[in-house]
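Just so you know, residue 1 is the first one in the sequence shown, and it goes up from there. Whatever order the structure lists them in is the order used to number ligands and atoms, beginning at 1.
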Amino acid sequence: MSSNHPDGHPFYRFCRTALADIRTQGRYRQFTPLAREADRYPVYEQEKAPATPATPACDHDREVVVWSSNDYLGMGVEPVVMDAAITAIREHGAGAGGTRNIAGTSPFHTALERELADLHGKEAGLLFVSGYVSNQASLQTILTSMPGWICFSDRLNHASMIAGIKGARGSTTVIYEHNDLEDLEAKLAAAPPDAPKLIAFESVYSMDGDISDIAGTCALARKYNAMTYLDEVHAVGLYGAQGGGISERDGVADQVDVIEGTLSKGFGVHGGYITASSEVVEYLRLAASGFIFTTALPPAVVAAALTSVRQVRKDAWRREKMFERVNAFRARLRKAGIPFTMTPSHIVPIPVGDAQRCRDLSDRLLNEYGLYATPINYPTVPRGTERLRLTPGPFHTDEMMDQMVTALSKLMRINAPVDVAQKIAEPVK
Ligand SMILES: Cc1ncc(COP(=O)(O)O)c(C=O)c1O
């Protein structure tokens with residue numbers, strides 16, 4: 001029997017059992033194929049299609065309003081950004097043609113790196129093929145550069161940071177409680193004073209929508225001679241006078257050693273980056289495997305991202321509009337008695353607390369109301385804290401908000417635990 005026969009190797013049996021377990025736990029993830037309408041964002045088209053293992057059936061074409069996109073400002077459909085990509089693709093072709101060292105460095109790449117360094121007030125920047133890769137490659141490379149590194153990592157850091165930290169063989173990881181500077185200080189104080197130390201943390205934690213104390217963290221870093229590595233993925237474009245993130249808003253960017261970000265969320269395109277001192281960036285450019293050994297971002301993507309970053313820096317109205325919309329949505333939820341987690345950021349989590357109920361709520365929003373809100377289940381969040389994660393943006397209209405609030409009011413009466421159902425029953429009578 002060949003090893004690729006379903007029964008020929010234990011891994012096939014493992015997959016079958018693991019998939020059955022995931023389904024039983026209500027954690028089976030299906031993609032929802034949705035085609036964005038560039039001129040009507042956040043409206044998408046869902047086309048009639050048969051079911052596949054990874055996608056549910058859709059029995060007719062329909063329009064869907066998406067409430068869970070991370071293209072927070074709609075920059076991915078901004079005409080100047082799209083035009084930059086179209087022009088670059090016509091002039092320079094579709095792909096980069098190689099790694100940055102081989103044939104993949106275009107003038108757009110160097111211009112974007114300079115622009116990002118300037119945005120964060122750093123000497124230099126380095127592009128990666130995604131935000132995930134920028135974290136994984138940078139952290140792993142830093143933490144394997146010298147013997148004895150200790151990485152102090154916030155308990156809720158993103159999987160990409162954890163991948164880099166875990167992949168750094170020989171370094172020690174100390175996890176501190178989420179956003180808890182007392183715990184961080186106790187752990188820094190207990191570490192050998194001479195060991196090289198790095199504190200890795202995020203600014204906006206995207207699942208809970210809370211924000212870290214960057215100034216406080218950097219003060220501890222100075223006290224215990226640690227470097228700081230800050231993931232600003234869910235903040236760049238959105239916070240600060242020019243969209244430089246929470247570190248810009250709080251006036252502390254100069255205190256952070258490495259600021260990491262993405263071009264795929266607030267900037268609406270694709271790719272990841274770090275900014276730091278020239279020496280740190282140069283070292284990572286020459287040593288990070290995840291930078292060196294992969295084909296560069298296509299010039300059209302970089303041209304679009306460069307246009308987007310320049311536009312977002314200038315256009316404060318986009319940030320203001322997004323926060324106005326977030327507040328308008330929260331006011332509607334409050335009025336309707338729909339429970340939501342009040343966060344200091346643009347993220348609106350609606351707690352559900354059970355994987356199957358969360359999945360059902362999301363499915364019914366889509367199937368019965370044409371509204372898409374992603375269910376967030378384990379392992380993205382701890383079991384028992386399942387939620388819908390909504391990200392209202394500048395283009396969600398009052399009417400769209402009313403639709404979502406009406407739908408949630410109706411559905412949560414059926415799906416929510418009794419106490420929540422009672423709490424929200426009154427306003428929708
Ligand atoms: C905190 C954080 N860091 C990094 C990433 C990865 O960024 P990208 O989507 O550009 O790979 C994500 C993705 O959602 C994230 O949430």
> Are a donor atom and an acceptor atom from the side chains of Ser106 and Arg100 found within less than 3.5 Å of each other?
Replying inline: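 There is no such pair between these side chains.
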> Hey, what's the ring geometry for His346 with Tyr239, parallel, tilted or perpendicular (30° and 60° as the breaks)?
Replying inline: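 Ring orientation, 0 to 90° scale: tilted.
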> With under 30° as parallel and over 60° as perpendicular, where do the rings of Phe11 and Phe14 fit, or are they tilted in between?
Replying inline: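 Rings of Phe11 and Phe14: parallel, under 30°.
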> Is Ser160 near ligand 1, meaning one of its heavy atoms is under 4.0 Å from it?
Replying inline: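 Heavy atoms of Ser160 do come under 4.0 Å of ligand 1.
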> Under a heavy-atom criterion of less than 4.0 Å, does His270 contact ligand 1?
Replying inline: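 No; His270 lies far enough from ligand 1 that no heavy-atom distance drops under 4.0 Å.
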>> Distance under 4.0 Å to a non-hydrogen atom of Asn135: what atoms of ligand 1 satisfy this?
In response: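 Answer for ligand 1: 3 (N), 4 (C).
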>> Can you name the atoms of ligand 1, numbered from 1 with element, that are less than 4.0 Å from a heavy atom of Tyr132?
In response: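 Ligand 1 atoms under the 4.0 Å threshold to Tyr132: 6 (C), 7 (O), 8 (P), 11 (O).
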>> Under a 3.5 Å distance rule, please check whether Arg29 uses its side chain to pair with a backbone N or O of Ala54 as donor and acceptor.
In response: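 Answer holds: no.
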>> Please check this pair: side chain of Asn377 against backbone of Val381, looking for a donor-acceptor N/O pair closer than 3.5 Å.
In response: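 Not at all, since once roles are kept as given, no pair shorter than 3.5 Å links the two residues.
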Pairs of nitrogen or oxygen atoms closer than 3.5 Å, one from [X] and one from ligand 1: do any exist?
X      : value
Gly131 : yes
Glu202 : no
His234 : yes
Asp231 : yes

> Quick one: does ligand 1 sit under 4.0 Å from the side chain of Met161, the backbone, both or neither, non-hydrogen atoms only?
Replying inline: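 Within the 4.0 Å criterion, Met161 makes no contact with ligand 1.
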>> Does Asn225 have more than 12 heavy atoms from other residues, nucleotides or ligands lying within 6.0 Å of its CG?
In response: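 For Asn225, atom CG is not crowded (no more than 12 foreign heavy atoms under 6.0 Å).
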